[in-house]
2 protein chains.
Amino acid sequence: MKADEGGLDARKAYILATVVYEYVATAEPVASNTLTQKYSLGVSSATVRNEMAELEAGGYLVQPHTSAGRVPSDSGYRTYVDHLMQPEDLGEEERRRIGDELRDASRELDDIIDSTTRLLGRLSKNLAFVTRPQQDTQTFKHIQLIWLTPRTGVAVVVSSLGVAAQSLFELTADLLPDELTRLSNALNARFADRPLRDVTESAIAALVGELGVSEELRGVVQTALQSARSGEQPAVAAAGAQNLVDQPEFQDLRKLRSILRIVEEQKSLYDIVAGAMATPATSVRIGRELGSEEMADLSVVTVPYRFGAHAVGMLSILGPRRMPYARLIALASGTAQSLSERLSEHQVS
Amino acid sequence: MKADEGGLDARKAYILATVVYEYVATAEPVASNTLTQKYSLGVSSATVRNEMAELEAGGYLVQPHTSAGRVPSDSGYRTYVDHLMQPEDLGEEERRRIGDELRDASRELDDIIDSTTRLLGRLSKNLAFVTRPQQDTQTFKHIQLIWLTPRTGVAVVVSSLGVAAQSLFELTADLLPDELTRLSNALNARFADRPLRDVTESAIAALVGELGVSEELRGVVQTALQSARSGEQPAVAAAGAQNLVDQPEFQDLRKLRSILRIVEEQKSLYDIVAGAMATPATSVRIGRELGSEEMADLSVVTVPYRFGAHAVGMLSILGPRRMPYARLIALASGTAQSLSERLSEHQVS
DNA sequence: GGTAGCACTCTTCCCGCAAGACTGCTAGCC
DNA sequence: GGCTAGCAGTCTTGCGGGAAGAGTGCTACC
């Protein structure tokens with residue numbers, strides 16, 4: 001009874017692993033006969049049946065009905081993922097292709113995230129979604145208040161990740177271009193290269209007071225920075241929903257509809273990612289572990305991506321519980337790695 | 001045989017209209033009996049059967065099989081839409097609700113379009129998609145080249161629709177902030193309020209030459225303006241795909257998959273809109289009129305929205321051919337109207 | 001021209017039965 | 001004690017047939 005077999009003896013562990021493997025491949029409940037024929041177990045199907053019955057008693061397998069083969073349960077998958085599966089690695093070739101494809105994407109942050117999401121959806125043949133970078137670990141670089149007319153203008157905020165926010169503003173009293181320039185310069189002088197979260201409302205208010213510029217500008221700058229910090233719930237890009245239609249578990253249209261609803265609602269997507277926020281590394285959540293009856297037969301693999309030293313976002317793959325975990329984990333990690341590299345090139349230095 | 005009955009005598013026209021109406025409501029082939037019972041035709045079902053047989057001979061109706069009722073054909077729907085249907089109007093109440101909801105959306109152009117799309121998806125209970133404004137009829141307002149480090153910066157272009165583009169740039173030689181300011185000022189002085197398309201590559205090149213600033217900046221400005229003109233294929237926002245799952249015509253998963261593919265591919269969505277570009281007003285395209293076998297049982301209603309005097313984008317509803325045309329046309333027009341109004345408030349004056 | 005009535009066609013639904021897939025158990029073997 | 005052959009038992013799946021039902025087209029008649 002070795003630790004890395006999840007508390008099962010070697011033969012049970014091997015049988016559980018093959019059941020998962022086979023079920024992932026075929027989507028059919030796995031029979032004892034199938035195992036003895038396809039895998040060299042060295043025992044007869046009767047013995048396998050006994051072992052399977054014990055695995056079922058232990059909660060690792062379930063039987064859809066009496067005369068059917070077995071299917072892994074949530075905790076069967078969990079044991080497989082934590083202890084039994086052979087970790088995969090992307091080939092050199094594939095790793096390179098991912099890198100190349102991301103390098104070809106535009107320089108704009110949003111486009112890079114979009115491309116990454118689509119790429120991951122395509123390669124994983126599941127639904128991929130990626131949160132846009134959370135900028136609160138990033139540094140403030142520059143703000144520019146641009147004068148358009150005496151009462152309108154644009155505020156542009158640049159953080160270390162690039163253009164972080166831009167917003168039109170409209171004032172109730174006329175203003176000279178000079179006032180905007182002075183405020184921009186003062187803000188830049190004081191806050192350049194400091195963490196974005198240091199540029200607080202009170203710091204802005206103080207500066208506006210010192211300079212004696214219009215009080216209205218305080219609100220303008222605060223709004224722009226607020227949107228640069230992009231709230232607590234960053235936007236999420238999704239791609240690959242059509243891949244799920246082909247999976248036999250989504251023949252049931254109710255399930256499909258609830259998935260589509262999730263995809264179209266930023267909030268639901270974000271909630272899923274939020275559940276993985278606690279762990280700084282790869283997270284796999286299986287079935288009911290996702291905490292919602294609606295997602296009881298889904299699984300999600302989530303991997304953080306970095307910008308510099310900090311994790312700034314998450315990259316996820318969502319699919320049926322019956323997913324090739326090792327492959328998808330490798331794919332998500334590899335893509336996160338490439339994305340992290342791509343982002344550091346992109347950095348405003 | 002009146003012109004506004006599409007070349008059919010009054011009774012045939014009425015029967016065709018009721019068949020469409022009834023089929024849209026029930027999704028079941030319509031029987032002669034149903035018509036005589038539900039609508040006061042003043043004739044017996046046998047007479048209706050004779051009329052229906054003639055309508056079928058004329059290509060307006062088809063019969064799924066011998067002992068079934070009738071279903072409208074593409075040209076049946078076409079005649080209905082062009083000549084028979086009673087145009088609908090949004091109630092005052094609904095019109096106001098749409099207006100309110102759009103007014104609550106953020107000031108940012110992208111957010112306004114996103115909200116509009118989601119609103120239209122929800123109200124139409126179909127798939128809605130909206131092209132982002134094409135900016136080539138808009139005017140140039142302002143460009144600002146922002147110095148970040150000696151070799152990097154940000155270019156921000158503001159058009160009459162708001163912030164039209166922003167892009168990071170990186171140079172191979174050092175530059176002084178002053179050079180960027182001079183170029184920005186010169187561009188603003190020369191092009192302010194002129195149509196965006198007047199700011200040509202050669203005009204930029206000439207100005208860069210006159211000022212004697214770095215040749216590299218020519219490329220930077222050109223790239224920024226190029227992206228402000230946002231290419232020939234503006235981005236398209238989509239929402240409401242999950243509504244289609246409930247429609248009986250999409251029980252067939254192949255159809256659903258092809259719809260999802262279309263939604264996820266900007267290009268396919270744009271191609272659909274492109275087909276309506278020719279007409280400046282409301283366009284309804286039915287089934288095979290969409291020009292693709294894949295979309296043979298879909299219909300699309302497309303309505304332009306304006307910014308100032310010009311149509312700058314299209315607002316579309318895609319659903320099964322069996323859609324409530326009058327209602328959706330009213331909804332799309334009403335929403336386009338509200339969006340147009342919302343945009344003119346948003347205008348950079 | 002309109003209608004009642006009827007024969008005919010085609011789909012849909014349900015039932016029952018046979019075939020097939022696996023299991024669990026028992027008895028016996030090494 | 002662990003393993004296996006063999007078999008009875010259970011449950012699903014697929015198929016055929018038959019009844020019910022929905023609608024039509026046609027004919028004969030008003």
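Residue numbers start from 1 in every chain, and the chains themselves are labelled A, B, ... in the order their sequence lines are given, proteins ahead of strands.
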Asks: Check the distance between D:dG2's P and A:Asn50's CG and give it to me in whole angstrom.
Replies: 11 Å

Asks: Which is more 5' along DNA chain C, the nucleotide nearest B:Ser44 or the one nearest A:Ser32? Just name the residue.
Replies: B:Ser44

Asks: Please work out if A:Ser45 contacts a base, only the sugar-phosphate, or nothing of the nucleic acid, heavy-atom cut-off 4.0 Å.
Replies: nothing

Asks: Among D:dT24, C:dG24, D:dC11, which nucleotide has an atom closest to any side-chain atom of A:Ala53?
Replies: C:dG24

Asks: Of the nucleotides C:dG24, C:dT23, D:dG23, which one has an atom closest to the side chain of A:Ala31?
Replies: C:dT23

Asks: Round to the nearest Å and state the distance from B:Glu56 atom CD to D:dG25 atom P.
Replies: 7 Å

Asks: Looking at A:Lys125, I'd like to know if its NZ atom is crowded, meaning that more than 12 non-hydrogen atoms belonging to other residues, nucleotides or ligands lie closer than 6.0 Å.
Replies: no

Asks: Quiz question: going by heavy-atom distance under 3.5 Å, is there a donor-acceptor pair between the base of C:dC10 and the side chain of B:Ser67?
Replies: yes

Asks: Rounded to whole angstroms, how far apart are CD on B:Glu54 and C1' on C:dG2?
Replies: 13 Å

Asks: Rounded off to whole Å, could you give me the CZ-to-C1' distance for the B:Arg70 and D:dA22 pair?
Replies: 14 Å

Asks: Could you state the interatomic distance from OG (B:Ser44) to CZ (B:Arg49), rounded to the nearest 0.5 Å?
Replies: 7.0 Å

Asks: Starting at atom CE of A:Met52, determine the distance to atom P of C:dT23, rounded to an integer number of angstrom.
Replies: 6 Å

Asks: Rounded to whole Å, how long is the line connecting atom CD of A:Glu51 with atom C1' of D:dC3?
Replies: 11 Å

Asks: Check every strand shown and say whether A:Thr47 touches a base, only sugar-phosphate, or nothing at a heavy-atom separation below 4.0 Å.
Replies: base

Asks: Think B:Arg11 has a side-chain N or O under 4.0 angstrom from the OP1 or OP2 of C:dG2?
Replies: yes

Asks: Would one find more than 12 heavy atoms of other residues, nucleotides or ligands at under 6.0 Å from atom OH of B:Tyr21?
Replies: no

Asks: What about B:Arg49, does its side chain sit under 3.5 Å from the base of C:dG5 through a donor-acceptor pair?
Replies: yes

Asks: Find the distance B:His65:NE2 to C:dC8:C1' and express it as a whole number of Å.
Replies: 14 Å

Asks: If I take atom CD in residue B:Glu28 and atom P in nucleotide D:dA22, what distance separates them, rounded to the nearest angstrom?
Replies: 12 Å

Asks: Could you point out which residue of B:Val300, B:Leu318, B:Val301 forms a side-chain contact (heavy atoms from CB on, under 4.5 Å) with B:Arg285?
Replies: B:Val300

Asks: With A:Asp246, which of B:Arg261, B:Arg254, B:Arg257 fulfils salt bridge (charged side-chain N to carboxylate O under 4.0 Å, His left out)?
Replies: B:Arg257

